[in-house]
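Chain A is the first sequence line, chain B the second, and so forth, proteins listed ahead of strands; every chain is numbered from 1.
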There are 2 protein chains.
Amino acid sequence: MADQIDTSARILDAAERLVQLRGFNGFSYADVAAELGVTKASLHYHFPSKSDLGEALIVRYGERFGAALEAIDAAPSEAQEKLLAYADLYANVLEDHRMCLCGMLAAEYKTLPEPMQRAVLAFFERNEIWLAGVLEQGESRGDLHFTGSSQDLARAILSALEGALLTSRPYDDPARFQTTARRLIAMVA
Amino acid sequence: MADQIDTSARILDAAERLVQLRGFNGFSYADVAAELGVTKASLHYHFPSKSDLGEALIVRYGERFGAALEAIDAAPSEAQEKLLAYADLYANVLEDHRMCLCGMLAAEYKTLPEPMQRAVLAFFERNEIWLAGVLEQGESRGDLHFTGSSQDLARAILSALEGALLTSRPYDDPARFQTTARRLIAMVA
DNA sequence: GTCTATAACGAGATAGAC
DNA sequence: GTCTATCTCGTTATAGAC
């Protein structure tokens, strides 16, 4: 049983990396199998269809992202600091030339099986809600000042960070994303 | 010869739409052929390899985008107006659920043949240069005030708009992009 | 310039032995 | 759980007739 969990996790690790690098339509079971030194049939035992694998990837990614958001909330800091910590989550993603998993899947959205589409939207909505909360907290405490709804601004921040990942990724320069991200956060705060 | 041009253009039209909708790895010659009512072999006559077709798509898209930028420049307006007009170019893209061609290809970047990678980067760099020019013009005329380099801010704007396309696209609501885009431009101006 | 036919390969997926 | 073997289909691409 420990083996099964371990193997499933290793499959997810390899598949996650491949999707973030090449997209859901840009990798195959053969790629993952070769990377792990097992056969494709073995992968199908753990994840019968590619759609199953895709769903599992998004769920796990969302859980990890959610945990990171809770960790940011745990430390009592000002809204600006939280936003910068949030941007750092994105910067970490980029480090080995990856795209955000759900940003990548958003590009491929129209080609995804329905369950994956729903999971991608859920991921973004969760992030928007968290961001809106940070913004409202910042405003009520006087750390932050903005016009319009916190939801709209949350969407703008999320979009901007995903876009910064998208356009920075071709370059080998991690500072490129950082510069853009900090400039965007600075616009808010 | 008129036929050839016409057929090539029709192929490009169909392929462009498919790439913007489903990605370069998400469409096939068979899709285009079915849409135009011709055979796959006929497509290979006009564009021997898929890479050739991809390059042609980016070049044509870049030319059209460049012409749109020139059109914006032609009318003597303030920097803010030009930025809004620029954002509208993106909004138009989204209208039939398309992604920006080069934004889509940026997601798939790692899987693209080298000539296409170079063409994608050239597209973004051209846009950055144009945006930086608008920002500098705005600053020198006193329409606009910003800190840091015009290049960095240009990149932030481009990234933010691409990201807004990416995250708005799953929704059927064109206003969603507009709200986000105007919020982002408002941050600058 | 478009067609038919086909090659050559890789994809997702399944059956059944171990 | 993992393997070998295989199926079926879709993919890019080419040869050669019309």
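- Taking atom CG on A:L43 and atom P on C:dA11, their separation rounds to 12 Å, with Å as the unit.
- A donor-acceptor pair under 3.5 Å links the side-chain atoms of A:D31 to the main chain of A:S28, judged by distance alone.
- Atom NE2 in B:H46 sits roughly 16 Å away from atom C1' in D:dT14 (whole-Å rounding).
- As a whole-Å value, the separation of B:L36 CG from C:dC3 P is 10 Å.
- One atom, OH of A:Y45, and another, P of C:dA15, lie 16 Å apart when rounded to the nearest Å.
- Residue order along DNA chain C, read from the 5' end via each residue's closest nucleotide, puts B:G37 first among B:G37 and B:K40.
- For the side-chain hydrogen bond (donor to acceptor under 3.5 Å, both in side chains) condition, the pairs that include at least one residue of residues 134-145 of chain B, sequence neighbours left out, are B:E136-B:S150.
- A sub-4.0 Å separation between OP1 or OP2 of C:dG10 and a side-chain N or O of A:S28 is absent.
- Note: OH (A:Y29) to P (C:dT14) measures 10 Å, nearest angstrom.
- Using a cutoff of 4.0 Å between basic side-chain nitrogens and carboxylate oxygens, A:R169 and B:E162 are not scored as salt-bridged.
- In this structure, the side chain of B:E108 engages the main chain of B:N25 through a donor-acceptor pair within 3.5 Å.
- One interatomic measurement links the two molecules: CG of A:N25 to C1' of C:dG12, which rounds to 13 Å at whole-angstrom precision.
- At the heavy-atom level, A:F47 lies nowhere under 4.0 Å from the strands shown.
- A:T39 comes within 4.0 angstrom of a base, heavy atoms only.
- Rounded to whole Å, the distance from NZ on B:K50 to C1' on D:dT14 is 18 Å.
- Side-chain nitrogen and oxygen atoms of A:T7 include at least one within less than 4.0 Å of the OP1 or OP2 phosphate oxygen of D:dT2.
- Here B:H44 does not reach the OP1 or OP2 of C:dT2: none of its side-chain N or O atoms lies under 4.0 Å away.
- Under the 4.5 angstrom side-chain criterion for Ile, Leu, Val, Met, Phe, Trp and Tyr, the cluster partners of B:Y109 are A:Y171, B:L121.
- Rounded to an integer number of Å, the gap from CG of A:L53 to C1' of C:dA11 is 15 Å.
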